[in-house]
Amino acid sequence: MRQAGIEDTAELLEKQLITEISNMTLEEALTLARAFSHYLNLMGIAETHHRVRKVRSVTHLSKSCDDIFSQLVQGGVSPDDLYSTVCNQEVEIVLTAHPTQINRRTLQYKHIRIAHLLDYNDRPDLGHEDREMLIEDLVREITSIWQTDELRRHKPTPVDEARAGLNIVEQSLWKAVPHYLRRVSNALKKHTGKPLPLTCTPIKFGSWMGGDRDGNPNVTAKVTKDVSLLSRWMAIDLYIREIDGLRFELSMNQCSDRLSRLAHEILETETSSHDRHDGRNQPFSRNQLKFHGHQASSLPTQLPPRADLPACTDCNDGESQYPKLELPRTDYMPLSRKDGKGSLNSETSFQNSSENVSKSFSNGTPVNGPQLATGHRGSFSSNQLLAQRKLFAESQIGRSSFHKLLEPSLSERPGIAPYRIVLGNVKEKLMKTRRRLELFLEDLPCECDPWDCYETMDQLLEPLLICYESLQSCGASVLADGRLADLIRRVATFGMVLMKLDLRQESGRHAETLDAITRYLDMGTYSEWDEEKKLEFLTRELRGKRPLVPPSIEVAPDVKEVLDTFRVAAELGSDSLGAYVISMASNASDVLAVELLQKDARLAVSGELGRPCPGRMLRVVPLFETVKDLRGAGSVIRKLLSIDWYREHVIKNHNGHQEVMVGYSDSGKDAGRFTA
């Protein structure tokens, strides 16, 4: 109205509106505020959808990979230089814990579903009835949003924040990264003649969620370990889903000799395993008689005793005409029991039970084992029987029996595709790896054979690359460069942890820890020494081969937490963790102090494990934040690199790269944003 020149009416309406809003009750005001909040969110979704729709209609998309590479080549960059630069590029995008995502994950998923419905609404082949149903679905989603509490009612824990970060990977990055790398590869091939190598990772991801303990006492060593294991679990779970899709897609029989040999090795291993398992329960098995058309050399000359009776029948009571199932006894504790009264390892306990069961039934008469089912069926209460059945279903035997129902046995699938055999083996190892991580997260012992699990990215990549090379050699490159190439790129980008976790701690906490150690060793107080004495002490200890921290040392809780963090870092290693960031760094000794504490923890952990710690030492990154520290940062780094031990360490362990962080938050408070 004001733009149209109707000032008086506009002023009158404004006053009336102010009066009405002022007279509202709190409940009415809350309802109005929520309505506008949801309205803005929904308009944001619609606007984003419209922008994407407009971009799709543009014939030439500026700032795309194709456009940028074209400009570079036309500007004089040679194709070879362009190719090597893109392949060697390393950009790490780090998700921090702040600012915390304000929207609940439930609402985020609802917003995504609305965006998908808007996409579907743009289809030109949508009929009148389909469009009406789509509008109903939109109304349903908006109603669900309106009736959902949009606020978190409790402060998120560091694990909650980390879970939200993993949700970002699952929601968007998991699909976006291979799609983007495919575009980079196509543009690179167009302008240089060579595609992006499959395992090349110009983009990687890191996280501070669960690792940033600077000023946050809730981020403990246990939180860091749990978040890292949770990240591994999520990665394995996502890979299992992708492998399922690949197994369905790669149904062909033609393959390379190398893949064929690998498939036969897997079949032979699985067959011998089935033979051993079946031999416990049966006089002979079908797998022993026939496999892929080959007859066994000989058959038993006579039937075993009681072969005319059902295998599981116990006829001692003279009443039952039906087979009985012998279940694990009640003294087998559930997984959550940690009191030591019974086995904590589900696989071991149930395996022992299965051996006892097979002994009991092998001759038709129960022997040497739990005599749980030798009496009448009525001797159990129904609740006990249900509990025992639940225990059995959750056991390793129960789970494997269930999976046998889903997939055909080896003897019944002689013509199965080799890709499915190899990928089936990959899935089995991934599932064992996931189960192993679940036991670690529950602080339960795990006796899984490490050879049956995936520890490193290279172990997972190997069979996938063999499948890729096989498809390429058999004229199926269009299949190789689809879902399989996307999975290989995901493994190369996200590894076994999705995002490597950076650790961050304030430099003063490390000085306090060294104070406690030097006082315990009657060497004085570390923080009272001058810089040169600190550097001399730290360099001498770093060159030595013995641990500095005595196992018997008793320290304050804050100091113990710092030592525990370095211990967890040693246990996880550089395969799971990224950088160790020192906030408020001001001297070269701040970096060497972390290197010493890190080295000492790795010596202690490797001594207990009886083997080297996984991965390498973490790269140590000083973060200069105040104006004074920023102005002195250059001299600090020059001093650091002038120390022979440190320079050799960086060259050997970090490819000669020293990473530095500069912060403008604290310096901005000190001297203003422009100076910072």
Side-chain angles (χ1 to χ4, degrees), residues 208 211-217 219-221 223-224 501-521 523-544 547-550 553-572 574 577-605 617-626 628-629 632-633 636-637 639-640 643 645-646 649-650 653 658-661 663 666:
W208 278 19
D212 184 8
R213 60 230 323 115
D214 181 16
N216 188 351
V219 181
T220 63
V223 165
T224 296
L501 192 61
D502 289 350
L503 307 183
R504 185 168 79 128
Q505 183 58 280
E506 200 261 329
S507 58
R509 295 289 299 275
H510 306 135
E512 291 172 9
T513 303
L514 287 172
D515 281 347
I517 295 169
T518 53
R519 281 198 294 263
Y520 182 84
L521 298 173
M523 298 175 66
T525 303
Y526 170 84
S527 58
E528 295 176 357
W529 301 345
D530 60 31
E531 180 67 7
E532 289 303 318
K533 186 175 181 181
K534 288 179 182 177
L535 291 176
E536 181 186 350
F537 164 73
L538 293 168
T539 306
R540 183 177 67 249
E541 291 297 332
L542 283 165
R543 287 197 177 104
L548 174 67
V549 183
I553 190 171
E554 294 184 3
V555 292
D558 285 353
V559 173
K560 184 177 184 304
E561 180 56 42
V562 172
L563 293 174
D564 288 345
T565 298
F566 280 103
R567 183 181 179 84
V568 166
E571 292 171 356
L572 297 173
S574 59
L577 304 177
Y580 193 107
V581 180
I582 311 167
S583 57
M584 302 302 290
S586 56
N587 295 296
S589 59
D590 292 333
V591 175
L592 293 188
V594 172
E595 293 286 8
L596 178 58
L597 292 171
Q598 189 176 189
K599 173 206 163 193
D600 201 80
R602 288 177 70 86
L603 284 173
V605 170
M617 292 175 72
L618 307 185
R619 63 190 195 276
V620 180
V621 181
L623 168 55
F624 301 102
E625 298 183 85
T626 66
K628 178 185 175 182
D629 292 339
V636 168
I637 296 299
K639 178 68 176 177
L640 197 58
I643 300 170
W645 179 90
Y646 188 77
H649 165 73
V650 169
N653 294 294
Q658 172 62 53
E659 187 175 336
V660 177
M661 287 186 69
D666 285 277

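Side chains are part of it too, since the values below use all heavy atoms of this structure and drop only hydrogens, waters and symmetry mates.
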Excluding sequence neighbours, so at least two apart, what forms salt bridge (charged side-chain N to carboxylate O under 4.0 Å, His left out) with Lys533? none
Quick check: closest heavy atoms across Leu563 and Val555, and the distance to 0.1 Å? CD1-CG2, 4.3 Å
Within the structure provided, determine whether Val562 and Glu512 are in side-chain contact (heavy-atom separation under 4.5 Å). no
Donor-acceptor pair, distance only, cut-off 3.5 Å: does the side chain of Asp502 make one with the backbone of Ala579? yes
Quick check: closest heavy atoms across Leu623 and Gly663, and the distance to 0.1 Å? CD1-N, 3.7 Å
Any Leu521 side-chain heavy atom under 4.5 Å of Pro550 side chain: yes
Any sub-3.5 Å donor-acceptor pair from Glu506's side-chain atoms to Asp214's backbone N or O? no
Between Glu561 and Ala221 (side chain of the first, backbone of the second, donor and acceptor by atom type, cut-off under 3.5 Å), is there such a pair? yes
Not counting sequence neighbours, which residues clear salt bridge (charged side-chain N to carboxylate O under 4.0 Å, His left out) with Glu528? List them please. none
Could you tell me which non-hydrogen atom of Ala588 sits nearest to which non-hydrogen atom of Val636, and how far apart they are? N-CG1, 3.6 Å
What are the two closest non-hydrogen atoms of Leu618 and Ala569, and how far apart are they? CD1-CB, 4.1 Å
To the nearest 0.5 Å, what is the distance between CG (Leu592) and CD (Glu536)? 12.5 Å
What distance separates Thr224 OG1 from Arg213 CZ, expressed to the nearest 0.5 Å? 3.5 Å
What is the minimum heavy-atom distance between Pro622 and Ile637, and which atoms define it? CG-CD1, 4.1 Å
Run the side chain to side chain contact (heavy atoms under 4.5 Å, CB included) test on Phe537 and Leu596 for me, step by step, so that the C-alpha distance in whole Å, both residues' side-chain angles and the decisive distance to 0.1 Å come before the verdict. CA-CA 10 Å; Phe537 164 73; Leu596 178 58; 4.3 Å; yes
Could you tell me whether a side-chain N or O of Glu531 sits under 3.5 Å from a main-chain N or O of Ser589, the two making a donor and an acceptor? yes
Any side-chain heavy atom of Val219 sitting closer than 4.5 Å to one from Asp212? no
Taking only residues two or more places apart in sequence or in another chain, which ones pass side chain to side chain donor-acceptor pair (under 3.5 Å) with Thr513? none
Looking at Thr518 and Gly524, would you say the former's side chain and the latter's main chain have a donor-acceptor pair under 3.5 Å? yes
Residue pair Thr565 / Gln505, side-chain heavy-atom distance below 4.5 Å: no
Where the side chain of Asp515 meets the backbone of Tyr526, is there a donor-acceptor pair that is under 3.5 Å apart? yes
Taking salt bridge (charged side-chain N to carboxylate O under 4.0 Å, His left out) as the definition, give me every residue that meets it alongside Lys639, ordered by chain and number, with sequence neighbours left out. Glu532
ring-ring contact (aromatic ring centres under 6.0 Å, His included) against Tyr580, all qualifying residues, sequence neighbours excluded: His510, Phe566
Spatial distance of atom CG (Leu577) from atom CE (Met617) [nearest 0.5 Å]: 13.0 Å
Side chains of Ser507 and Asn587, heavy atoms from C-beta outward: is any pair under 4.5 Å? no
Between Leu503 and Val568, does the side chain to side chain contact (heavy atoms under 4.5 Å, CB included) criterion hold? Intermediate values first, please. CA-CA 11 Å; Leu503 307 183; Val568 166; over 6 Å; no
Show every salt bridge (charged side-chain N to carboxylate O under 4.0 Å, His left out) that has at least one partner inside residues 590-605, sequence neighbours left out. none
Give a yes or no answer on whether the side chain of Arg509 reaches the backbone of Asp558 with a donor-acceptor pair at less than 3.5 Å. yes
Could you tell me whether a side-chain N or O of Gln658 sits under 3.5 Å from a main-chain N or O of Val620, the two making a donor and an acceptor? yes
Please state whether the rings of Tyr646 and His649 are parallel, tilted or perpendicular, taking 30° and 60° as the class boundaries. tilted
Verdict with supporting geometry, Leu514 and Lys534, side chain to side chain contact (heavy atoms under 4.5 Å, CB included): CA-CA 10 Å; Leu514 287 172; Lys534 288 179 182 177; over 6 Å; no
Let me see the working for Leu538 and Trp645 under side chain to side chain contact (heavy atoms under 4.5 Å, CB included), right down to the final yes or no. CA-CA 10 Å; Leu538 293 168; Trp645 179 90; over 6 Å; no
